Amino acid sequence: TANDIDPLRQKLIAGSIQVQQQIILELADLGNEGLDVLMEFLLKRRENPATWIDGKAYQVLYNSDAPQAQEFLQNNFPEGIVTLKSSCGINYNPLQQLLAKQDFQAADLMTIETMCEIAGPMAVKRKWLYFTDVESFPADDLQTINQLWIVHSEGKFGFSVQREIWSSLGKNWDNFWPKIGWKNGNNWTRYPNGFTWDLTAPRGHLPLSNQLRGVRVIASLFAHPAWTK
Ligand code: UYC
């Protein structure tokens, strides 16, 4: 009833991030009334850049089979809650959808493929990037990919998250790999089954970049102006 829902609505608006996360989960179990509160919450916050709390609320609606949730999203957020800006005409809605579904493995693959697409037909054919490709990436596109990962991963995944961890470790690669679960002792994590494709992964675990050809690509990604401007 409205009496039960009202305190939740208040806490959702005013609570700490941890409280908000908890309330979103509770509302998800309350049927249509709970979904209504989540819709109202998203609409109220839409003028501000999306955070991972908006991502949680959005995911509940996105993954709900209630027709009014689907209709609401179609009418108000047909492309999700992250602004999908691109300087090279790429449609990020498919990536947005995989992340909203929390299909992190498919999203990771799509991220690699999309970055090859940004780099051009040679990279698409090769299926991997040169560090020089990354240097000339548009900031808009990197920021869009990064925001999508952050907003749909409770702030755990994304290039800027990885960059921050690497920075906090004095930019030491040997300390960075085990920290994000890419290496254990002397052993590189094996692609794909060694990696953790859900939110139990260490912070910064995704998206992946293959280190087979050295650190220059990821180093160039971390040096990109997209993260500092
Ligand atoms: N792989 O080990 N990786 C591949 C990673 C390495 C290797 C793809 C990440 C180390 C080979 C992705 C790590 C290494 C293939 C990643 C990792 C290695 C492959 C698919 C931890 C051996 C190709 C996309 C650093 C010592 C064939 C792509 C195969 C693929 C990611 C081997 C995303 C983060 C140094 C031989 N690895 N990769 O770019 O086996 O090929 O699938 O990084």
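Remember, it's a predicted structure, so these values are computed and weren't measured experimentally. Counting starts at 1 for both ligands and their atoms, following the listed order.
Under 4.0 Å from ligand 1, not a single heavy atom of W177 appears. Contact annotation for W182 and ligand 1: heavy atoms of both the backbone and the side chain come within less than 4.0 Å of the ligand. Residue S209 touches ligand 1 through its backbone alone, judged by heavy-atom distances below 4.0 Å.
Q102 places a side-chain N or O within 3.5 Å of a backbone atom of L99 that can act as its donor or acceptor partner. Formation of a donor-acceptor pair under 3.5 Å by the T114 side chain with backbone atoms of M110 is found in this model. Between the side chain of N63 and the main chain of K101, no donor-acceptor pair closer than 3.5 Å is present.
Between K127 and ligand 1, no pair of N/O atoms sits closer than 3.5 Å. Where the criterion is an N or O separation shorter than 3.5 Å, residue side chain and backbone included, D108 fails it with respect to ligand 1.
What sits closest to atom 2 (O) of ligand 1 on the protein, heavy atoms only, is T189 O, 2.8 Å. Ranking protein heavy atoms by distance to atom 13 (C) of ligand 1, first place goes to F195 CZ, 3.4 Å.
By heavy-atom distance, the residue among I218, V217, L212, V215 lying nearest atom 14 (C) of ligand 1 is L212. Taking only non-hydrogen atoms, the option from Y191, W188, W128 nearest to atom 20 (C) of ligand 1 is Y191. For the residues I180, T111, L129, N210, the heavy atom positioned nearest atom 15 (C) of ligand 1 is part of N210.
Between Y58 and F77, the ring-plane angle classifies as perpendicular under the 30° and 60° cut-offs.
Here the two rings, on F157 and F104, have centers that are under 6.0 Å apart. Aromatic rings of F222 and W166 (six-membered ring for Trp) have centroids within the 6.0 Å cut-off, being under it.
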Show the atom names and distances, to 0.1 Å, of all donor-acceptor pairs under 3.5 Å that link a side chain in residues 206-219 to residues at least two apart or in another chain.
from	atom 1	to	atom 2	distance (Å)
N210	OD1	L212	N	3.0
Q211	NE2	S209	O	2.7

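The I112 neighbourhood of ligand 1 comprises atoms 33 (C), with distances under 4.0 Å to a heavy atom of that residue.
For the ring pair (Phe, Tyr, Trp, His ring centres under 6.0 Å) test with H205, the passing option among W177, W149, F195, F176 is F195; the others fail.
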